[in-house]
> 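Next up is a structure, given as structure tokens.
Per chain, numbering begins at 1; letters A, B, ... match sequence-line order.
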Amino acid sequence: AKPTAAPTAAPATEAPVVVTTEAPKEITFGLLLVGPYNDHGWSEAHFNAGLYVEEKLPGTKMIYLDKVNPADRPGTTPAQLADELVGQGATVILFNSDDMKDSATEFAAANPTINVIMASGDQQWAEGKDFKNLPNMVNVMGEMEYGKMMAGCAAALTTKTGQIGYLGPLINDETRRLVSSAYLGAKYCWTTYLGKPAEELKFKVTWIGFWFNIPGFTSDPTQVADDFFNSNYDVVISGIDTTEAIVQANKMKLAGKEVWAIPYDYEGACDEAPDICLGVPYFNWGPSYLGYVTAAMNGEYKPLFEWVGPDWTNINNPDTSMIGFKEGDALSAEAKANVDKFIAELAGGLQLFAGPMNLQDGTVYLKDGEKATDLQIWYLPQLLEGMEGKSLP
Amino acid sequence: MKTMTKTSSLWINTGFRIAAIVLALAFTSIVLLLSNARPFEAFANIINGSIGSSKGIANTLVAWVPLLLVTSGLLMTYATGMWNIGIEGQITLGAIFTTLALRLMQGTSVPPTLAIILSILAGILGGALWAGIVALLKIYGGVNEIFGGLGMNFVSTALTIWLIFGPWKRPGTGSMSGTEPFDTSLWLPQLEGLRISLWSVGIGIVGLLVVYFILQGTYFGLKLKAVGKNGRAAFLLGVPTTRYIMAAFLICGAFAGIAGAIQVTGVYHRLIPSISSGYGYLGMMVAMLVNFQALWAGVVALFFAALNIGSIQLPIVMKIDSTLSGVLQGALVLFFLLMEGARRTFLSKKRGK
Amino acid sequence: MKVEIKNIHKHFGKVHANNDISMTIQPGTIQGILGENGAGKSTLMKILSGFYQADKGEIRLDGKLTRIKSPADAIKHGVGMLHQDPLDFPPMPVIDNLIIGQSGGLLPNRKVVRKQFEDLQARFNFKIDPDAYVDSLTVGERQQLEILRLLWLGAKVLILDEPTTGISASQKEMLFATLKILASQGMSVIFVSHKLDEVEQLCNQVAVFRQGKNVGQAMPPYRTPQLVQLMFGKSMELAPRIDSTSCDVLVHMKDLAVENYRLHISGINLDICKGEVIGLAGMEGSGQRLFLQACTGLRRTVGGKLYIGQRDFTGKPYHQFLNSQVSYVPASRLEEGLISGLSLTEHFILAGEQQGFIINRDKALKLTESRIKDFSIRGIPETRVESLSGGNQQRALLALLRSPLQLLLLEHPTRGLDIESSMWIWNMLKERCKTGTAIIFTSSDLDEVLHYSDRILVFFGGKVSNPLNAGSTTVDSLGQLIGGKGWEN
Amino acid sequence: MNEIILIGLAGIIAVAAPIIFATIGETITERAGVINLSLNGTILLTAMAGFVVSVKTDSLLLGFLAGAAIGAFVALIIAFTSITLKQSQVAVGFVLTLLCRDLAYFLGNPFMGLPGPRIPSLPISGLKDIPLIGTLFFKQDILVYLSFILIAAAYWWIFKTRPGLMLQGIGERPAAAFVRGANVNRMRYIYTMIGGALVGIAGPMYSLSAKAGWKGTITGLDGIGWIALAITIFGGWNPIRAAFGAYLFALLQWLGIVLQPSFQNIPSQVLQVAPFPLMILALLLVNIGNTEWVDRTLAGLPESARRFIAQVLRALRTTPPASLGTPFENE
Ligand SMILES: Nc1ncnc2c1ncn2[C@@H]1O[C@H](COP(=O)(O)OP(=O)(O)OP(=O)(O)O)[C@@H](O)[C@H]1O
Ligand SMILES: Nc1ncnc2c1ncn2[C@@H]1O[C@H](COP(=O)(O)OP(=O)(O)OP(=O)(O)O)[C@@H](O)[C@H]1O
Ligand SMILES: [Mg+2]
Ligand SMILES: [Mg+2]
């Protein structure tokens, strides 16, 4: 999806953003992380992006606050915490999670002179269902769909039992479209490269009910992973914040079972158990953030909705690609070859969200020859036909 | 003579109290040193972050009000000797009911002020309902209120998540950020440029006064205490024990409900996951620290709220984790209990001589 | 074993509980100890059995100076104490009760223990099932179990502190027989009691304590007035019993039936007159308590009807009884009767009628002060009930009763109290009868039952006797019934 | 398919192992008359400490020892405040629950997400090939085997040995235990600490095995302790019954997972959160027999029905050690 400037974004001349006439050479940007900055997952990916900006752009200074969620910071709102960062001199604020959506909106509205970046929001998407007109906010999201497709592909090319498990968090449009992407990737590689019939591929998602385990309230991801492996799902793709999938896969492996797993979010995620890691689709927020902060520095900050895909010339280029797929040691040579071929095809414009395609309940999602629009993908109402698992919360 | 002993024992008591505080600070300092941070810098940052600025003070008050309400409610259940750990769930249900009420009235002809008032009443209902269930389980099922309460807490969390991503899903993507925020007309009016609403502060203070009055001056309060100290004897003396336990739970639940309602109408303006913000458990700590005397609840609650807010500076400024505030709060209560026990033993020894 | 006690002193704060007490107990004798409440009897016994350490003085066992450091130490030296409420483990089997505390290896040998236990039982022809759970035994049997256990552990001195409170007459006979056997086998027995007749019946010699001092020894034949004189420093006379004449029916029971998981009592038919006193006799756990609680709605009747003052109270809850001037005074004062932690004043506020919502402290204070005076309670309005003495707690309980009352139900109204306090309390009760209040009370003291009741119901294993006229009943016939004899008719 | 279910059940046995350590630890503590309410905090703290220690020393054993030591120390605090200082055990326990949790998060922060050692699984050759039994019990790791031993040992100690009987006595009626020569309060100290140590082992069992690693607030352990406490009651202070409770809990969780796809239309939370309400239901069943109103209503019923129900209830009923939570002073 190409960057689509929000229509309200008036010509740069009257962009109501940075007040000072000539751009300041010094700038402090504040980062609000939903999880621990060192969670080896979603939040750490953003944290590293911040470090990247500091390194690439002289004169920038990062301040951050992690665990920004009402469970860990009782009685606070992200907006209020953003105020704290502003109090420390930040003039650019990054909200790194969907959790902070409303606070980001509230804060952006209340602080027109602050440049706000909101990851994974859709407030700035004019066509989106939740559009808010905020001249000082950028929405950015990585097209992890591609990453998940690659993950699904790697899984399909590796599975011996033809059964792939997906460890899902809670159920919403975002998680649905990611699971479905993984499924599409898997199905494509299964049929195209292995030439096997689609029906022989089982793809099942089990939702634990939250982004991580809370005993007594969610299902235990460890148990979910184990259950997958024990019932002959030999590859498990993780969609949650924590690493149970590869941890358990590793345990099974040591116990002599032939299983693999694919973690999520964070480039280094495979390191925890390289032997069974087929690879990890990860976010690389650095380049985008660098862009926005630079813009802020030079007073060229524009409101924007960006849904950024990989840099197809090299999806793992730290300076250009938002989405990467780091192939793991456990990925066999021929599988690797095919995954690379798959990536090449995607680069060549292969669109997997293409008709004919039905939703899980059999209703038509895409007619024959129809390609899904960004809206259709972003707001995916159900899982797709052929996938096993719950579609609705 | 009598007065002399009074004053002397007063000195002893304050002495032990102060010792508790000193020990707690010492303990926390050690913890800080363990993670090579300078204690005084840390404490300074906490103070500065909480009362250093008008914003800080406002935020502290925002945390103070629900904490105060919850503590007040808990004083009632404590009077009957009950550990209402279910308080977290009761706050949550208060929030859920408030949200429900507002969703129903939003965009109707109901005047906002009335809508807010009704929604708070709904919150009271929700909290009381959840507490009532725990009480029923306790009274008619013999299920220890601690576990009944915990169970209901889990259920309430699940209920919240389900509502946010299911029936009350916001337009577009169901979001961890919660339900669609309410129109500003349905917010408790806030002070210009600050997040605190004088209304909620008022409610909090009134709540505490009411509880104080009930426990000090009324038959109802005395009977609650009787039930707490010896249910059987109280029953034989004519106190309808179960009804009083139930009443205590309902009142406590109602207070929790108000707290939840204020979280929705005054702070988050929507339903979010973990809306209870852990005020329930924190309130139990406050109640213990004031030794279940309503008199001090306000001050201590304020102090704890300040710790919560002030500690946010720690990760920003010093790169250390802000759960330190929890450590300090826990240490305070722990050492208070220790010193309280030490004091008792000390005094009884003295009497023995 | 010969026990010599020399110049024992014990202080509790200001209280000089034992003041230079000396006495010698020869092997094979039963030493009685009499004394009013708080005279220091229990204190001395607790010193002997290692609960307390004497401040001054010495103890010699068989002439050997001995320091008894703890109850366990005491039993090692051969001194065993039987507590009023036997210190055993109700939810555990008899056999385990023996094993606990028996020194030995990691794994107890149940077979051997069982054998030894059976042999011991045979000596006194006790019949306790070693596999029964203790909470299924009567207090009497539990006492027997404790005695056996102490002997089994090698006790040569047996101390009994008020052992007969709480057991029935026949169980008492059995106990006394046992003690006599033990003495004849060379044990020394120390027997503490308030009850002159018991002591006279049992003991080879009696010491009387007053205010912590041993004020005198007595040898058989005993002269009761002399003992009373010694105990109280003055002589005393029971008020003569007055038999009521006319009957104005207050309570009417028709085929009443009550049960708990052990007992089922049915077919109770009884009319009680205004101002009448009904005594309930029987072994502990024969159903008296059950019956009493049924009469207050504390236990739901499972059959029949209960009328009080023409109104049907069958199956009504306790508080309805209470509000219809039916009051119940439980036996255990601090467990069920009073609320530890609350002051006397607060008790009177709770017990009194609630006026409005807010408490009027001054009014409550005045009321309390007057009650404290009327009932001569040793304490002030602010006194917390738990720091009141036994007798004063009992007085407080009675002071809390509302008046007027239609029906008053009491469990062991004078348990643990000395003659003086008991007489005082009964005077209060009889005063109430004069105002038309009917009284039903349980007691394990047959004399009390016979002396103060107009009619008596005897309970035995779930059966209830027809009401006996107290005036024309003797201790023996009553004892017979309680023991289960003479129920044929 | 059958095999799959079997393996699933084997998984349940593994999942329950740490809970069994915690529950039996608590059972022993409460048998002595002391409530250690701090389980939820203790487990978090020891999970963190055990992980950190074994990462630093890379010795698993030291990790577990650290866990046990800290668990025992927390228990010691409870023993001291409640036995010696006569403060409310519930109060102290609750405070420690929160304090230990926050300590774990604060001190553990620098170590989040570090790779750490992990207990390998250890099939027992010979036994592991026995049909059914083999898969169920003997393809586990050492900790699971230890959990089996613990169940048996705890049961044997409490009900068969002399000190065990005394332990029961202490919890049941300290005064009586005292006259039988027990140093009640010392024993309570000791058993509280032993129980605490077992609870403390449950922590590393997670961070070094069941949920290997430390992830701070998202480690996914916050709540386990409470569940273990509930199971202790459900288990009626009997190790075997407690273990049964733990297995039951794990089973329910597993069912929540396997049944999920088959319930498209009911909220997934229903299954996920089910175990705790069911636990309450269980507590209801084991306690309702103790309630007064049941007696009253039973009295209303016809004799036969009354007897029957009463028997059923008494069969289900569990009653805590009589002196649970109350301090003891000899006179
Ligand atoms: N275990 C105890 N701990 C503290 N004080 C006690 C204890 N036992 C008795 N006392 C105090 O000693 C006093 C008398 O106690 P006790 O029960 O022996 O009364 P008493 O002498 O038997 O009088 P009464 O005839 O009323 O029973 C009371 O004031 C009580 O406070
Ligand atoms: N633990 C204690 N603490 C304080 N005072 C006590 C204690 N035990 C006994 N006393 C006091 O010592 C005196 C003697 O008490 P003791 O119990 O020996 O009397 P007693 O003769 O056994 O009375 P009773 O016939 O009521 O049993 C009482 O006045 C009581 O106040
Ligand atoms: Mg006395
Ligand atoms: Mg005595």
Side-chain angles (χ1 to χ4, degrees), chain B residues 1-3 5-6 9 75-76 78-82 139-140 209-248 251 291-294 340 344-345 347-353, chain C residues 11-15 293 296-298 317-343 345-361 364 380 382 384-387 393 396-397 399-402 409-411:
Chain B
M1 178 59 210
K2 202 174 178 66
T3 55
T5 55
K6 256 209 172 59
S9 68
L75 291 173
M76 302 293 280
Y78 275 121
T80 60
M82 294 286 140
I139 296 166
Y140 297 106
L209 294 178
V210 169
V211 167
Y212 179 76
F213 168 72
I214 292 182
L215 289 179
Q216 289 316 307
T218 67
Y219 282 95
F220 181 72
L222 178 59
K223 289 181 178 178
L224 284 182
K225 284 186 217 154
V227 171
K229 292 189 187 305
N230 182 343
R232 176 68 179 170
F235 178 80
L236 290 179
L237 281 175
V239 182
T241 319
T242 53
R243 225 180 303 155
Y244 272 77
I245 292 179
M246 178 56 81
I251 296 176
N291 207 8
F292 313 131
Q293 307 299 312
E340 186 58 19
R344 294 247 180 81
T345 7
L347 287 180
S348 60
K349 282 237 169 54
K350 210 147 140 284
R351 225 181 277 106
K353 291 288 149 296
Chain C
H11 293 263
F12 295 105
K14 301 169 274 357
V15 190
Q293 295 194 329
T296 61
L298 282 169
Y318 169 75
H319 286 132
Q320 194 156 336
F321 284 78
L322 191 60
N323 297 331
S324 325
Q325 303 173 2
V326 179
S327 279
Y328 166 71
V329 180
S332 49
R333 292 149 198 162
L334 277 182
E335 289 68 28
E336 297 190 296
L338 301 166
I339 299 168
S340 317
L342 292 190
S343 69
T345 317
E346 288 170 317
H347 275 80
F348 284 107
I349 298 173
L350 283 170
E353 290 300 321
Q354 170 165 348
Q355 292 114 349
F357 187 65
I358 299 159
I359 297 171
N360 176 340
R361 293 267 167 194
I380 56 171
E382 292 72 27
R384 292 190 163 188
V385 290
E386 66 267 28
S387 62
Q393 285 168 2
L397 266 177
L400 285 173
L401 290 174
R402 303 177 183 176
L409 306 112
L410 308 111
E411 278 177 6

> If you tally heavy-atom pairs under 4.5 Å against chain B, which of C:H319, C:Q355, C:E335 wins?
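Counting heavy-atom pairs under 4.5 Å, the top option is C:H319.
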> How far does CG of C:N323 sit from CZ of C:R402, to the nearest 0.5 angstrom?
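Result: 6.0 Å between the selected atoms.
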> How about C:Q293 and C:Y318: does a side-chain donor come under 3.5 Å of a side-chain acceptor?
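No.
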> Hey, which residues of residues 345-353 of chain C are touching chain B, say heavy atoms under 4.5 Å apart?
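So the qualifying residues are C:E346, C:H347, C:I349, C:L350, C:A351, C:E353.
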> Report which part of C:L334 has an atom under 4.5 Å of a heavy atom belonging to chain B: side chain, backbone, both, or neither.
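Contact with chain B is through the backbone of C:L334 alone.
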> Less than 3.5 Å apart, which donor and acceptor atoms pair up between the side chains of residues 211-218 of chain B and the rest of the protein, not counting sequence neighbours?
from	atom 1	to	atom 2	distance (Å)
B:T218	OG1	B:I214	O	2.6
B:T218	OG1	B:G221	N	2.9

> Under the ring-ring contact (aromatic ring centres under 6.0 Å, His included) rule, collect the residues that match up with C:F12, sequence neighbours excluded.
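Counting only residues at least two positions away or on another chain, C:F12 forms a ring-ring contact (aromatic ring centres under 6.0 Å, His included) with C:Y52.
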> Other residues, nucleotides and ligands only: do more than 12 of their heavy atoms fall within 6.0 Å of CZ on B:R232?
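Count over threshold, so yes.
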> Sequence neighbours left out, what passes side chain to side chain donor-acceptor pair (under 3.5 Å) with C:H11? Give chain and number order.
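C:H11 satisfies side chain to side chain donor-acceptor pair (under 3.5 Å) with C:H16 only.
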> Please name the pair of heavy atoms, one in C:I358 and one in B:Y219, separated by the smallest distance, quoted to 0.1 Å.
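Nearest pair, atom of C:I358 first, then B:Y219: O-CE1, 3.6 Å.
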> Sort C:P317 into side chain, backbone, both or neither according to what part of it lies under 4.5 angstrom from a heavy atom of chain B.
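Neither part, no heavy atoms under 4.5 Å.
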